[in-house]
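Below: one structure, written as structure tokens.
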There are 2 protein chains.
Amino acid sequence: MKLTTRGRYGLRAVLDLAVNTGNEAVSLSEIAERQGISMNYLEQLIAKLKKSGIVQGIRGAQGGYVLAMPPEEISVGDILRALEGDLIPVDCSELNSGDTPCINSDTCVTKYVWKRITDSINDAVDGIKLSDLVEKSKEIQKEAGIAEANKTKQTC
Amino acid sequence: MKLTTRGRYGLRAVLDLAVNTGNEAVSLSEIAERQGISMNYLEQLIAKLKKSGIVQGIRGAQGGYVLAMPPEEISVGDILRALEGDLIPVDCSELNSGDTPCINSDTCVTKYVWKRITDSINDAVDGIKLSDLVEKSKEIQKEAGIAEANKTKQTC
DNA sequence: ATTAAATCCGAGTATTTTAATAGGAATTAA
DNA sequence: TTAATTCCTATTAAAATACTCGGATTTAAT
């Protein structure tokens, strides 16, 4: 029941992008350095975010990435699902229409459990917008003093 | 963000035990057969449940397992945590006191996300008691007709 | 036109986790 | 005494994860 580094790194990357976007696009190398994540790996994560329409790539020199939408319109749920796939605790046809119908659907009781977990997770992450995190981030930066940079490798 | 077979099989095993307990203990081979789970594997799962004080083993011939508490006092959360470990989406010191304190705790913003997810999952599973599932199971059995047995291998 | 900075794309790989299997020791009712 | 059963530990095949690597393509700046 863990998120992978895809979700963890990826969310931090999008937040970094949102916080550090000015007039110009933000390059992957900048994000990778600030967040202490390998650029090669980050590349794969941002590809997923691009495919889901969360970020937009700008090719060529001085290129980079920008958010494809205003941060108010991007939920943490959108980001995590782009990176991790559907946030469902089990492969169950009652939760995922893509699955072949379950033979035991009639007598299955645990499906109620899986449904509750699924809904609670998705409600939670959809209730948080990227803009909320950006705001929180700016508050915290103010409190901690702008000088204090992010030098250490973070795992979550 | 998936439960493993430990959580899925294990919950089904406990439910099977709860539903099929009469005056005598229920043997693992019975549960394994009814649920279509390898007995050797189930053994490992039930060991975790025993360690967490959810079931009690009765050794020797005609032995088996019984619930260590009435099903009203066992939550699905208790069962899943016994099988999967803490239901937390990331290894973060803000969520798990066992972790070494995070260096970035001051400037970390994603921790708010992890906290919300953690709380929502645990609230959801702690709100469902084993007795709720047993009841549901009996309702469904009645509807489906008692004759219809669980012959197929179920994955969730 | 050339160069350098960047995204884009697909292949390969070491490590870890999962999902088992296997074998045997200990216990106890019949 | 036997058979049924829990209990315990070790091993292993397959899958997933978390990367690394090499190169093609695009484009702003010179």
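Protein chains get the first letters and strands the later ones, always in sequence-line order, with residue 1 at the start of each.
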OP1, OP2 of C/dA20 versus side-chain N and O of B/S38: anything below 4.0 Å? no

Within residues 22-31 of chain B, which residues have any heavy atom lying less than 4.0 Å from an atom of DNA chain D? B/S27, B/L28

Basic-acidic side-chain contact under 4.0 Å: A/K115, A/D119: yes

For DNA chain D, what is the dot-bracket line, given that a base pair needs Watson-Crick (N1 to N3, plus N6-O4 or O6-N4) or G-U wobble (N1-O2 and O6-N3) geometry with both distances under 3.5 Å, and | means paired with another strand? ||||||||||||||||||||||||||||||

Is any side-chain N or O of B/Y9 closer than 4.0 Å to OP1 or OP2 of C/dT18? no

Does a side-chain N or O from B/Y41 land closer than 4.0 Å to OP1 or OP2 of D/dT12, or not? no

Quick one: the side chain of A/Q44 and the base of D/dT20, do they pair up donor-acceptor inside 3.5 Å? yes

Atom CD of B/E72 with >12 non-hydrogen neighbours under 6.0 angstrom: yes

Within residues 79-98 of chain B, find the residues that approach DNA chain D with a heavy atom at under 4.0 Å, and present them sorted by residue number. none

Assert: residue with more 5' nearest nucleotide on DNA chain D, out of B/E43 and B/A61, is B/A61

Taking the six-membered ring of B/Y65, is NZ or CZ of B/K50 closer than 6.0 Å to its centre and within 45° of its axis? no

Closest to the side chain of B/T4, out of C/dT7, C/dT18, D/dT17, is C/dT18

Pairing of A/D78 and A/R81 as salt bridge, 4.0 angstrom limit: yes

Compare the minimum distances between each of C/dT21, C/dC8, D/dT20 and the side chain of A/N40, then state the nucleotide with the smallest one. D/dT20

When you measure only distances, ignoring hydrogens and angles, does the side chain of A/R59 come within 3.5 Å of the base of D/dT27 through a donor and an acceptor? no

How would you label the contact of A/I46 with the nucleic acid (heavy atoms, under 4.0 Å): base, sugar-phosphate, or nothing? nothing

Let me know, please, whether A/L3 or A/Q62 comes out on the 5' side of the other along DNA chain D by nearest nucleotide. A/L3

